[in-house]
Undergrad: 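What follows is a single structure, and I will ask about it in a moment.
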2 protein chains.
Amino acid sequence: MGKGEATRETILDAASRLARTVGLSGMTIGTLAASTELSKSGLYAHFRSKEALQLQVLEHAKGRFVAEVVSPALAAARGEPRVRALFDAKLRWNAQPGGCIFTSSAMELDDRPGPVRDRVVRDQRDWLDTLATVFHTGRTEGHFRADADPEQFAFELDGIMFSYHSFKRLLGDETAEARARRAFETLLDSVREAR
Amino acid sequence: MGKGEATRETILDAASRLARTVGLSGMTIGTLAASTELSKSGLYAHFRSKEALQLQVLEHAKGRFVAEVVSPALAAARGEPRVRALFDAKLRWNAQPGGCIFTSSAMELDDRPGPVRDRVVRDQRDWLDTLATVFHTGRTEGHFRADADPEQFAFELDGIMFSYHSFKRLLGDETAEARARRAFETLLDSVREAR
DNA sequence: TCTCGATGAGAACGAGCGTGCGATCTACGA
DNA sequence: TCGTAGATCGCACGCTCGTTCTCATCGAGA
């Protein structure tokens, strides 16, 4: 990895952190340059536009997300254990300082067309697909009711994550995690075999 | 209502609409002035700062929210009917063009201290309190399990709203409303007397 | 040692930002 | 009808934005 590549990595790390608190649009080149101890133009040279920077921030974050959340969870046993692992990992991801960049970007860009929004949509779809697939596997394993809808499960699980985000970050409510876990158990109960 | 008051109202209406799509911070005085066919300074004279404008936008929206969502729902019969009415009304509110300004502001400002954030926090707390109270009433009526936690109910219901927002506005998913309603029924099932 | 591409600094740009200040226009009570 | 207070405008301010240029530095290969 050359020197340039290393700085680029440093920049993207800082940018992810910054974007999580002020949003992808709220993040400015000047602030980012200051926080990385680079000149505006020096930083800018690594990306040819702000939009390219935003896209690379998302790509960078997605790489980390797969490595820290998705892959480890897929190591768990098929079925309910894997669903639990995925939930746990995502909860940890959301709990990191600044919260989840995909969650904030999703809300920020929901009404602003463009390549960045397209990318966010793709990532969100990927995440929901992952959830649905993992749930579907669990259904095949016989852990969940045969008539339970994987996409509906993904819808409801993601809702828990959103609510967690709001309680924890906006309201500063310390019961957020407990509530999220409890909601998760309720959700599992509702899709389990016996009723 | 004097002329000034009327224009102020017009401005706040336009501002609510604008803020829902670009965020309270993304909204600029220039753009807002253009969309109301006022000069920047003419518009600015109604508010003494951008922050004051943001606060008044929230207050304005809250007035409409109470009138269009909370009050009508409180007219329904105590207990489950009232909970349903509240859910329905909030769903309609979220479905309006641009979505729910409180939802987007909540995500936008979760990490940016200041009076505007404080206001958003207060509004979000009020909303959760309303949900919890209405649910509590239903519990007293014997519609819900005695050990069901109103705040937990509010947490989970709000999660459904968030997920609805995401599916509908970000993903453009037409099944969003159906999924939200289905999730709501599941939630009701989980808190009902018989198990 | 010399050269050259990669890396970054520095200064500057046009545009748009929030904000303020007088001057004008307009509606309404005396 | 007139006077005036309030509503609105035109203009300009200092600043920051994203972006673009030129130029210095540095390290690796010839």
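Just so we're on the same page: letters track the sequence lines, and every chain starts at 1.
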Undergrad: Can you tell whether the side chains of B:Arg181 and B:Glu185 come within less than 4.0 Å, N to carboxylate O?
TA: no
Undergrad: What does B:Leu43 touch in the nucleic acid at a heavy-atom separation under 4.0 angstrom: a base, only the sugar-phosphate, or nothing?
TA: nothing
Undergrad: Whole angstrom is fine here: how far is it from CD in A:Gln54 over to P in D:dT19?
TA: 9 Å
Undergrad: Is A:Ser41 side chain donor-acceptor paired with the C:dG10 base, going by distance under 3.5 Å alone?
TA: yes
Undergrad: Between D:dC17, C:dA9, D:dT19, spot the one nearest the side chain of A:Ser39, thanks.
TA: C:dA9
Undergrad: Before giving the answer on ring pair (Phe, Tyr, Trp, His ring centres under 6.0 Å), spell out for B:Phe102 and B:Trp127 the whole-Å C-alpha distance, their side-chain angles and the decisive distance to 0.1 Å.
TA: CA-CA 10 Å; B:Phe102 301 109; B:Trp127 164 242; 9.1 Å; no
Undergrad: Any idea which of C:dA9, D:dT19, C:dC17 is nearest the B:Thr28 side chain?
TA: C:dC17
Undergrad: Provide, to the nearest angstrom, the distance between the CD1 atom belonging to A:Ile11 and the C1' atom belonging to C:dA9.
TA: 14 Å
Undergrad: Could one point to a donor on the side chain of B:Lys40 or the base of D:dG10 with an acceptor on the other under 3.5 Å away?
TA: no
Undergrad: Going by atom types only, do A:Ser163 and B:Glu156 share a side-chain donor-acceptor pair under 3.5 Å?
TA: no
Undergrad: Just the rounded figure in Å: distance from P of C:dG8 to CD of A:Glu5.
TA: 11 Å
Undergrad: May I have the distance from A:Leu32 (atom CG) to D:dC17 (atom C1'), rounded to whole angstrom?
TA: 14 Å
Undergrad: For A:Asp149, is there an ion pair with B:Arg182 - N to carboxylate O distance below 4.0 angstrom?
TA: yes
Undergrad: For the side chain of A:Tyr44, counting heavy atoms from C-beta on, which of C:dG18, D:dT19, C:dG8 is nearest?
TA: D:dT19
Undergrad: Determine the contact category for A:Ala45: base if any of its heavy atoms lies under 4.0 Å from a base atom, sugar-phosphate if only primed atoms, P, OP1 or OP2 are that close, otherwise nothing.
TA: nothing
